[in-house]
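Below is one structure, written out as structure tokens; comments come after it.
Sequence lines set the chain letters: A, B, ... in the order given, protein chains first and strands last, and positions in each chain run from 1.
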2 protein chains.
Amino acid sequence: MKTQDHAFLSEETIEDISLMFKALADPTRIRILYMLAQEECSVNHIAEVLDLSQSAVSHQLSYLRTLRLVKHRRSGTAMIYSCDDNHVISLLKQAITHSEHT
Amino acid sequence: MKTQDHAFLSEETIEDISLMFKALADPTRIRILYMLAQEECSVNHIAEVLDLSQSAVSHQLSYLRTLRLVKHRRSGTAMIYSCDDNHVISLLKQAITHSEHT
DNA sequence: TCTGTATATGAACATATGCTCATATATGAA
DNA sequence: TTCATATATGAGCATATGTTCATATACAGA
């Protein structure tokens, strides 16, 4: 197959996709996203349930927020986070299903 | 929701999934896998088409081989690589479709 | 065997990543 | 306002990552 016959992805698409997969490529973020896929959670709740430091969770949530994969709202002194990208959750669940059936 | 009421992923599943997503989290590997999804290719062909060094391509293919995402066979002096994990290709294509329709 | 082409691989390097620690900010109660 | 709780964030650090460079290995043809 010659170079000009290949289908190519645009730079923008490649960048977009790699950022999405990067977000899913870390055990901590997988665990956080999997929790948020079940229900919205406060930062402390995530930290306690997953046995992580408050700071580590907050940093990761900030990262996920930048990519618009999660959103948050204030509730008193707490911040309640929830998923904001169903497609990424769908990719995650698909990967889980595949992994658990191998 | 209390800690014991959460659904948790096994350590093994989390590790497995993060490795899979890590493989898809780099622009070079995305481009290589996308090429191989179209047809099997030699190392040099990939390097030429994608304008990468032979060494960089070989290193990445070695990486993808370790994860069993690609396989290879010899053809004379050339090594012909092809995809060996349909599910990962499916995840990639799904991400592409999503990205291009946003 | 010698030569050329194709691929693999180890070392080194620059950058990215994920965490901790310390501290800043924000809200609610007293 | 003052204090306690919840969250955010910057700096620093150890490790991981992706590439280049040099070189090793493997096969085909003369």
- prompt: Nearest-Å distance, CZ (B:Arg73) to C1' (C:dT7)?
  reply: 15 Å

field: Side-chain donor/acceptor of B:Ser10 to backbone N/O of B:Thr13, under 3.5 Å
entry: yes

query: Quick one: NE2 on A:His98 to CE on B:Met20, what's the gap to the nearest 0.5 Å?
result: 5.5 Å

message: Are B:Leu64 and B:Ile80 linked, directly or through intermediate hydrophobic residues, by side-chain heavy-atom contacts shorter than 4.5 Å (ILVMFWY only)?
response: no

task: State the CD1-CG distance between A:Ile96 and A:Leu91, to the nearest 0.5 angstrom.
output: 11.0 Å

query: On DNA chain C, nearest-nucleotide positions of A:Tyr63 versus A:Thr77: which is more 5'?
result: A:Tyr63

query: So, is A:Arg29 close to the C:dT17 phosphate, meaning a side-chain N or O under 4.0 Å from OP1 or OP2?
result: no

- line: Mate of C:dA30 across any strand shown (Watson-Crick or G-U wobble, both atom pairs under 3.5 Å) is D:dT1

Separation of atom CG in B:Leu64 from atom P in C:dT9, rounded to whole Å: 14 Å

- prompt: Reckon A:Arg65 has a side-chain N or O less than 4.0 Å from the OP1 or OP2 of D:dT9?
  reply: yes

task: Verify, without hydrogens or angle tests, whether B:Arg74 (side chain) and B:Gly76 (backbone) share a donor-acceptor contact under 3.5 angstrom.
output: yes

query: Of all the choices, D:dT17, C:dG18, C:dA26, which nucleotide is nearest to the side chain of A:Arg74 once you look at every atom?
result: C:dA26

field: Watson-Crick/G-U partner (both atom distances under 3.5 Å) of D:dA24
entry: C:dT7

message: Going by side chain to side chain contact (heavy atoms under 4.5 Å, CB included), name the residues that satisfy it together with A:Asp26, two or more places apart in sequence or in a different chain.
response: A:Thr28, A:Arg29, A:Gln60

- prompt: Separation of B:Lys71 atom NZ from C:dT7 atom P, in whole Å?
  reply: 18 Å

- request: Provide, to the nearest angstrom, the distance between the CD1 atom belonging to A:Ile30 and the P atom belonging to C:dT17.
  value: 16 Å

- line: In whole angstroms, the gap separating C1' of C:dT7 from OH of B:Tyr81 amounts to 8 Å

task: Look at the side chain of A:Thr97 and the backbone N and O of A:Lys93, then say whether any donor-acceptor pair between them is shorter than 3.5 Å.
output: yes

query: What parts of residues 37-60 of chain B reach DNA chain D, counting only heavy atoms under 4.0 Å away?
result: B:Ser53, B:Ser55, B:Ala56, B:His59, B:Gln60

- request: Report the distance from atom CG of B:Asp26 to atom C1' of C:dA16, rounded to the nearest whole Å.
  value: 12 Å

task: Write down the distance between CD1 (A:Ile80) and P (D:dA6), rounded to a whole number of angstrom.
output: 11 Å

Interatomic distance where CE belongs to B:Met79 and P belongs to D:dA28 [whole Å]: 11 Å

